[in-house]
Amino acid sequence: MGDSFQIRTFRGNETEDLLKVWNRALHLDGVTRDIFERKVLLDLNFDGEGFLIAETKGRIAGFVYGLVRHVPMTGVGLQEDRGWITALGVDPQCRGRGVGRALL
């Protein structure tokens with residue numbers, strides 16, 4: 001893979017490719033399609049603008065998923081002053097090229 005990459009939002013039709021990268025990059029925290037859909041895509045706080053993909057030569061090089069609450073959580077509300085990065089991964093073949101830094 002070349003050193004150049006672009007950052008863009010996640011596209012729903014690339015879930016399988018994303019999961020392959022996720023499971024290579026985060027091999028101790030891997031996910032299945034079912035878990036990804038349930039815990040990420042179907043989360044009431046999911047916002048596609050917060051799910052970024054680094055792409056190089058048409059392939060996913062890395063990803064980051066950040067979110068803010070849009071739906072209050074019992075006991076803590078919206079926590080408007082907070083956001084979370086819940087997942088960040090770079091394909092092992094693309095590490096050391098600034099992909100993770102760019103995603104952050």
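Positions are given from 1 along the sequence.
- Nearest heavy-atom pair across L88 and L26 is O-CD2, 3.5 Å.
- Listed here is the closest heavy atom pair of F5 and T56: CB-CB, 4.0 Å.
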Exercise. Going through the checks in order, is the side-chain contact (heavy atoms from CB on, under 4.5 Å) test met by L41 and F51?
Worked result: CA-CA 10 Å; L41 300 180; F51 203 122; 5.7 Å; no
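- Other residues sharing a hydrophobic cluster with V76 under the 4.5 Å side-chain heavy-atom criterion for ILVMFWY residues are M73.
- Considering L19, V90, D17 in turn, D17 is the only one that fulfils the side-chain contact (heavy atoms from CB on, under 4.5 Å) rule with I60.
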For this session: Show the numbers, then the answer: is there a salt bridge (charged side-chain N to carboxylate O under 4.0 Å, His left out) between K20 and E16?
Result: CA-CA 6 Å; K20 288 175 186 173; E16 292 304 318; over 6 Å; no
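- Annotation: side chain of T86 is not in contact with side chain of K39 (no heavy-atom distance under 4.5 Å).
- Closest heavy-atom contact between D29 and W22: O-NE1, 3.1 Å.
- Under the 4.5 Å side-chain criterion, counting only non-hydrogen atoms from C-beta, T9 is in contact with L52.
- Under the 4.5 Å side-chain heavy-atom criterion for Ile, Leu, Val, Met, Phe, Trp and Tyr, F46 and L67 are members of the same hydrophobic cluster.
- A distance-only check finds no donor-acceptor pair linking the side chain of W84 to the backbone of Y65 [under 3.5 Å].
- For the residue pair R82 and V68, the shortest heavy atom distance occurs at O-CG1, 3.7 Å.
- Screening I7, L18, V99 against F63 for a side-chain contact (heavy atoms from CB on, under 4.5 Å) leaves a single residue, L18.
- Summarising the geometry of N23 relative to V31, their closest heavy-atom pair is OD1-N, 2.7 Å, with the distance given to 0.1 Å.
- Within a 6.0 Å radius of CZ in R8, more than 12 heavy atoms belonging to other residues, nucleotides or ligands are found.
- The main-chain N or O of R24 is never found under 3.5 Å from a side-chain atom of D91 such that the two would form a donor-acceptor pair.
- Although no hydrogens or angles enter the test, the distance criterion places no donor-acceptor pair under 3.5 Å between the side chain of R69 and the main chain of N45.
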